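Below, chain A is the first sequence line, B the second, and so on; all start at residue 1. Since the model is a prediction, treat every value here as computed from it, not as a measurement.
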Amino acid sequence: MIKAVKGFKDILPDETPYWQFLEEKARKLLKSFGFREIRIPVLEKLELFDRGIGSTTDIVEKEMYTFKDKGGNLVAMRPEATASIARAYIENALHLKDPLGKYYFIGPMFRYERPQAGRLRQFNQINVEVFGTKSSSLDAEVMALLHNIADEVGISDGVTLEVNHIGCKKCRPIYRQILINYLNQNREALCEDCRKRLERNPLRALDCKRQNCRRVALSAPKLTDHLCDECRSYFEEVIEYLQIYQVPHVINPLIVRGLDYYTGVVFELTTTELGAQSAVAAGGRYDYLVEELGGPSVPGIGFAIGEERAVAMLKNRKKLTPPAPLFFFAVLGDAAKKKCIPIVLELRKRGVYTEMEHENRSLKSQMRKANRLKARYAVMVGEDELEKGRAVVRDMEKKEQFDIELSSEAFLKLAEEEVR
RNA sequence: GUGGGCGUAGCUCAAUUGGUUAGAGCACUGGACUGUGGCUCCAGGGGUUGGGGGUUCAAGUCCCCUCGCCCACCCCA
């Protein structure tokens, strides 16, 4: 048997209603917040992620699906969307055309990791990005959007929005040095990985999950205490605006992003419902990304929602089922079938979900199928009905039956009554 | 990449210290006065017990290898 590739999963029809629900709610809110959909390719030049995400990040170092195409170009399947969207923004000179710069994208990402609960090699994200504006109220608004999506989907009771500020080009290097000095003093207590991080990306030692490292991290100099005046007041404003936007949140000075392009405000939507994975969504400001990718000096902010994770939470609290037909046409014989097809077709054209039996099975088995599909009405048409030009309609819920004219008009009328 | 756990029917699971033709529930198909679902009853289809090798008179059960899945580390969405 040929099976799917490790870490790649089918999303079966029983599950897609949850995905549709999530995406519909998200799209609705995104639209009302003024975001427009953008669609980016799966494949990009490797260089984009190297420069965008950072060549020393875990994602780029060991998690990318990278290969040489037949033309000899080094390409990679996107491990995240922001770098691609920034590339599209630059390539299409959207900074000159689009006064808002608000985009969203829904699609799969690829990272070569060991799969486990809440973690796959192909996973889906809802990505939200704003280019061109740096403003504390906008930052709060973006988080408000995230909070509203969680709320609308019905999972906000299980999540916490954690916020932090990781400094700018000026103050981060200063803090970085202070942190390096502190970590060096506590070098003995750190795990091997964190000692490596010390050299390459000391901030990430702060969110190491090992006991000892956590202890060191907790008493480490706090980034928020070392922000420059500009960053500090900006962060204070963001927190103030979060209150005005009525977004529940906590400040967590240990939040760090794993991607190099983040600067300033960063945030995570976390939960305890997903095994070892805690982030349902995460994001932050990336004010130098566009410029670093060769574009104009344009700031940005965005976040990504992990759809699998959001869906898992949704499933924990809501039962969604596939749509059930309003009519199931149980036909006895070819003459009946031929008579019903135009009616079924007309109903479907009018948007009424209608099923019809195609195998010439017994009425009993057709009724069983109607029941299994949870059809509201079973419509029985056999020789008698053909003669009279009327169909027997059984209301499967009320267990009552009656007969109506065998015409699309009669069924449409019944369908309309059902809507009311 | 490193650990740990688990692989028996479509699904959830049984199968005494190794011991007859590997069972059950659910699901599926058909039937219970021939044109009526759900409940009940009856019957039926469906498994080279993940794969390979070994030990044994005898292996789902023990040993080895291999593959797969899950969980955790790590990392993150």
Side-chain angles (χ1 to χ4, degrees), chain A residues 1-7 9 12 14 53 57-64 78-82 106-128 146 159 191-194 196-197 201 204 207-211 213 255-259 262 267-271 274-283 302-313 328 330-333 336 359 361-386 391-401:
Chain A
M1 184 170 44
I2 298 174
K3 295 204 276 192
V5 173
K6 184 201 272 286
K9 280 255 186 337
L12 300 173
D14 280 349
I53 300 170
T57 58
D58 278 16
I59 291 177
V60 170
E61 250 181 6
K62 47 195 191 196
E63 295 176 2
M64 280 211 292
R78 57 171 184 238
E80 62 106 39
T82 304
I106 300 177
M109 308 298 155
F110 306 86
R111 292 183 200 171
Y112 192 87
E113 298 183 87
R114 270 301 265 283
Q116 73 186 62
R119 195 171 77 185
L120 293 169
R121 288 184 176 177
Q122 175 177 333
F123 59 98
N124 294 279
Q125 288 187 336
I126 299 173
N127 269 262
V128 177
L146 174 57
V159 296
C191 69
E192 207 178 307
D193 286 336
C194 281
K196 265 186 246 160
R197 288 185 184 116
N201 195 343
R204 279 172 52 218
D207 89 305
C208 182
K209 279 163 195 139
R210 285 175 202 280
Q211 274 282 323
C213 299
I255 293 266
V256 181
R257 308 275 67 238
L259 285 62
Y262 284 111
F267 52 95
E268 267 181 33
L269 197 68
T270 58
T271 182
L274 301 168
Q277 315 305 325
S278 62
V280 181
F303 65 82
I305 300 172
E307 290 194 271
E308 280 78 3
R309 296 179 183 183
V311 163
M313 292 189 71
F328 181 91
V331 292
L332 295 161
E359 294 180 84
R361 322 247 303 221
S362 69
L363 181 62
K364 190 190 192 71
S365 75
Q366 296 194 45
M367 291 301 286
R368 250 208 287 268
K369 193 188 261 185
N371 182 56
R372 228 174 352 126
L373 290 168
K374 296 190 164 63
R376 180 63 205 282
Y377 297 108
V379 179
M380 290 166 268
V381 181
E383 281 176 32
D384 296 354
E385 288 73 21
L386 284 181
V392 175
V393 177
R394 181 170 174 85
D395 185 322
M396 300 295 275
E397 283 165 32
K398 292 185 184 156
K399 301 168 192 177
E400 295 165 358
Q401 58 191 57

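As judged by a 4.0 angstrom heavy-atom cut-off over every strand, A:Glu385 is placed among the base-contacting residues. When heavy atoms are screened at a 4.0 angstrom cut-off, A:Ala282 is found touching the sugar-phosphate backbone but no base atom. Nucleic acid contact class of A:Gln366 (heavy atoms, under 4.0 Å, all strands): none. Residue contacts shown for A:Ser365 are limited to sugar-phosphate atoms, with no base heavy atom under 4.0 Å away. If you check every strand for non-hydrogen atoms under 4.0 Å, A:Gly275 touches sugar and phosphate atoms only. Note on A:Glu63: only backbone sugar-phosphate atoms sit closer than 4.0 angstrom, heavy atoms only; bases stay farther off. A:Asp384 comes within 4.0 angstrom of a nucleotide base, judged by non-hydrogen atoms across all strands.
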Could you list all N or O pairs between the protein and nucleotides 66-70 of chain B that sit under 3.5 Å apart?
unit_1 : atom_1 : unit_2 : atom_2 : d
B:rG68 : O2'    : A:Lys3 : NZ     : 3.3
B:rC69 : OP2    : A:Lys6 : NZ     : 3.2
B:rC70 : OP1    : A:Lys9 : NZ     : 2.7

Might you list the N or O atoms of the protein lying below 3.5 Å from N or O atoms in nucleotides 7-12 of chain B, with each pair's distance?
none

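Residues passing the side-chain contact (heavy atoms from CB on, under 4.5 Å) test with A:Ala336 are A:Val331, A:Val381, A:Leu386, sequence neighbours excluded. For A:Asp395, the side chain to side chain donor-acceptor pair (under 3.5 Å) test picks out A:Arg376, with sequence neighbours left out. A:Lys374 pairs by the side-chain contact (heavy atoms from CB on, under 4.5 Å) definition with A:Ala324, not counting sequence neighbours. Evaluation of the side chain to side chain donor-acceptor pair (under 3.5 Å) rule for A:Gln366 yields no partner, not counting sequence neighbours. Residues passing the ring pair (Phe, Tyr, Trp, His ring centres under 6.0 Å) test with A:Phe303, sequence neighbours excluded: none. Among residues two or more places apart in sequence or in another chain, the side-chain contact (heavy atoms from CB on, under 4.5 Å) test is passed with A:Glu113 by A:Glu63, A:Arg111, A:Arg119. The side chain to side chain donor-acceptor pair (under 3.5 Å) test applied to A:Glu307 returns no partner, not counting sequence neighbours. For A:Val311, the side-chain contact (heavy atoms from CB on, under 4.5 Å) partners at least two apart in sequence or on another chain are A:Tyr18, A:Trp19, A:Leu22, A:Lys315.
Stretches of at least 3 consecutive Watson-Crick or G-U wobble pairs, with each checked distance under 3.5 Å, appear in RNA chain B as B:1-7 with B:67-73, B:10-13 with B:23-26, B:28-32 with B:40-44, B:50-54 with B:62-66.
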Handout entry: Contact state string [nucleotides 37-47 of chain B, B base, S sugar-phosphate only, - no protein heavy atom under 4.0 Å]
Key = BB---------
